[in-house]
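Heads up, the thing below is written out as structure tokens.
Side chains included, hydrogens not; waters and symmetry mates left out as well; all remaining heavy atoms used.
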Amino acid sequence: MQRIRLTERPDWRMKAESYGFPFHTIGGEVYWDESIAWRFSLREIEEDLEAPTGELEQLCLAFVAEAIKHPAILTRLGIPEMYWSFVRESWQRGDRNLYGRFDLAYDGKTPAKLLEYNADTPTSLFEASVFQWSWLEDQMAAGGLPAGSDQFNSLHERLVKALRNIRRGQHFLLHLASVADSQEDKATVAYLADCARQAGLETKELPIEQIGIDSGGQFTDGDDVLIRVLFKLYPWEWLFKEAFGRHLPAARTQFIEPPWKALLSTKGLMPMLWEMAPNHKNLLASYFADDPRCASLGDRVEKPLHSREGANIRVIRAGAETQSTPGDYGGPAIVQALAPTAEFPGGHAIIGSWVVASEPAGIGIREDAGLITRDTARFVPHFIEGE
């Protein structure tokens, strides 16, 4: 594993725009950064990232199967009681999941460690999938990378296949919703809509704010069309708090991601997994903040159960806070042992390891100046050196 400098493609910004990737630069700062790349060996990818990702996903699924039986766990994870049956029945029906992203600390020397699981509404999907692959092909064609270089990236093909399996030969309109004022969310939804069309589905994109309730308590779009299947880039914990959330249990809508993903899209998952599999080589010691065992962790990180994009995180080293981020998230928190990340002069990198339909599908890398990966972190590409 090595961070190297490369010559940028002179027309990469134009290509990004043509590919439907307008947020390559955010607030005048580069988000997609191809002036550098991370090089991996095939062994590092297969043994240190791909295999642990598959194992972690199976551990998470085993956790869901057990958690739905225990009200105490559902309460601890912040699932409102009125939605317990909604979540439980979703799992028991076998509602299909689409994708998720494990954020891993990995330095090429020690086993990858799970920082958190973005199981419900992960972004950085398009850049990890299509645009990162485009970069690889262009670099090899230009001689910037050796012929025969590869990439851990089967995201696009797996997404199309997974959506085809969700379709199951049926004909229906797939609605895809995101927050109206989020450019990144809209681009993610547009990309998934394209994957869905390649899978043979008819699609309709809309702001989630336009979803309404008909007289029968069913969800409809802005044209009063019944929403039969909905991909929603909107967190379950937010939906549970919405005024129309009370209609969720009785809705005849199939949701992607399914309701059972609410059990995995909380940082409360980390202490639960540690309790299930203590000393697992890919897990970090983690406890709920009110657990006296937190004092035993030494250098540690404190995170609210539902914080997003690196908000409201505190890094504590040698008993003192060394880094923190502001935000609007509060409430119950977890404490997690500090993990070694890939370091370079001026920053740190974390691996976003993707699963599609619960199978490892590729990685994306984000870099930030500090140990906390914020919404301003840069996305950088990777490649696998040729044999």
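Between Thr376 and Glu29 there is no side-chain heavy-atom pair separated by less than 4.5 Å. Counting heavy atoms from C-beta outward, Asp368 and His348 have side chains that stay 4.5 Å or more apart.
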> Passes side chain to side chain contact (heavy atoms under 4.5 Å, CB included), Phe40 versus Ile351? Steps please.
Replying inline: CA-CA 12 Å; Phe40 294 85; Ile351 310 292; 4.0 Å; yes
> Given Ile213 and Phe219, is the side chain to side chain contact (heavy atoms under 4.5 Å, CB included) satisfied, shown in steps?
Replying inline: CA-CA 5 Å; Ile213 304 290; Phe219 294 109; 3.0 Å; yes
>> Walk me through whether Asp223 and Lys204 qualify under side chain to side chain contact (heavy atoms under 4.5 Å, CB included).
In response: CA-CA 11 Å; Asp223 298 317; Lys204 183 175 184 179; 2.6 Å; yes
>> For a side chain to side chain contact (heavy atoms under 4.5 Å, CB included) check, start with the C-alpha distance between Glu367 and Trp38, then their side-chain angles and the critical distance, and finish with the verdict.
In response: CA-CA 11 Å; Glu367 295 185 347; Trp38 286 88; 2.8 Å; yes
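In this structure, Gly268 and Leu305 approach most closely via the heavy-atom pair N-CG, 4.0 Å. Here the closest heavy-atom approach between residue Leu283 and residue Ala277 is recorded as CD1-O, 3.7 Å.
Note: Met1 CE to Arg39 CZ = 12.0 Å, rounded to the nearest 0.5 Å. For the atom pair Met272 CE and Leu264 CG, the distance stands at 12.0 Å (nearest 0.5 Å). Distance check: Cys60 SG to Leu114 CG gives 7.0 Å after rounding to the nearest 0.5 Å. We find the CD1-CG distance between Ile211 and Asp221 to be 8.5 Å, quoted to the nearest 0.5 Å. Atoms CZ and CD, from Phe379 and Gln132 in turn, are 4.5 Å apart once rounded to the nearest 0.5 Å. With rounding to the nearest 0.5 Å, the separation of OG in Ser149 from CE in Met140 is 6.0 Å.
Taking the centre and axis of the six-membered ring of Phe344, the NZ or CZ atom of Arg5 falls outside the cone set by 45° and 6.0 Å. The cationic atom of Arg293 (NZ for Lys, CZ for Arg) does not lie both less than 6.0 Å from the six-membered ring centre of Tyr287 and within 45° of the ring axis.
Counting only N and O atoms by type, the side chains of Trp133 and Glu137 include a donor and acceptor under 3.5 Å apart. There is no side-chain donor-acceptor pair under 3.5 Å between Trp32 and Glu8. Using modelled atom types and a 3.5 Å distance limit, the side chains of Asp214 and Thr220 yield no donor-acceptor pair.
By the 4.0 Å N-to-carboxylate-O rule, Arg308 lies too far from Asp328 to be salt-bridged with it. Note on Lys261 versus Asp95: no salt bridge recorded, every NZ/NE/NH1/NH2 to OD/OE distance being 4.0 Å or above. Salt bridge status for Lys303 with Glu116: present, with a side-chain N to carboxylate O gap under 4.0 Å.
Note: His24 and Trp12 have perpendicular aromatic rings, judged against thresholds of 30 and 60 degrees for the angle between ring planes. Ring geometry for Tyr31 versus Phe23: interplanar angle of 30 to 60°, hence tilted.
The only option from Phe126, Tyr99, Trp354 that meets the side-chain contact (heavy atoms from CB on, under 4.5 Å) definition with Leu155 turns out to be Trp354. Each of Tyr83, Trp260, Phe255 was evaluated against Trp236; a single residue qualifies, Phe255, per the ring-ring contact (aromatic ring centres under 6.0 Å, His included) test.
One hydrophobic cluster, built from ILVMFWY side chains closer than 4.5 Å, holds both Leu248 and Leu77. There is no path of hydrophobic side-chain contacts, each under 4.5 Å, that joins Val160 to Leu98.
By the neighbour-count criterion of 12 heavy atoms within 6.0 Å, atom NZ of Lys15 is densely surrounded, having more than that number from other residues, nucleotides or ligands. Shown here is Glu275, whose CD atom has no more than 12 heavy atoms of other residues, nucleotides or ligands within 6.0 Å.
Between the side chain of Arg101 and the backbone N or O of Thr123, at least one donor-acceptor pair lies under 3.5 Å. Between the side chain of Arg300 and the main chain of Gly298, a donor-acceptor pair closer than 3.5 Å is present.
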